[in-house]
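Read through the structure below, which is laid out as structure tokens, and then see the notes.
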Amino acid sequence: MKFHKGRLKFVIPLSLGVAIASYIMLVNNYAEVGGRDRILIVIGATILTAIISYFLFPQEGDNPKDRGPY
């Protein structure tokens, strides 16, 4: 499998959005969660989002048999 730099234009903004949203939700709704644990949860959510979105956003030429929308 080849690394596609073109996918990063979707992965990075999506990951940043998840990081910001998850931190805001943890601060507002779950004040009992400690600061270190809060940061670890945000980092985990961000990494998981990056991995999933990297594989879900197709790149041109990923599937040579694909001829586009039908």
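Atoms considered below: every heavy atom in the structure, side chains included; atoms not considered: hydrogens, waters and symmetry mates.
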- Item | Value rounded to 0.5 Å, distance of CG in Asp37 from CD in Glu32 | 11.5 Å

Would you be so kind as to tabulate the donor-acceptor pairs closer than 3.5 Å made by side chains of residues 44-51, with sequence neighbours excluded?
residue	atom	partner	partner atom	Å
Thr46	OG1	Val42	O	2.7
Thr49	OG1	Ala45	O	2.7

Mind listing the side-chain donor-acceptor pairs of residues 9-29 below 3.5 Å, one per line with the distance, residues two or more places apart or on another chain?
residue	atom	partner	partner atom	Å
Ser15	OG	Val11	O	2.9
Ser22	OG	Val18	O	2.9
Ser22	OG	Ala19	O	3.1
Asn28	ND2	Ile24	O	3.4

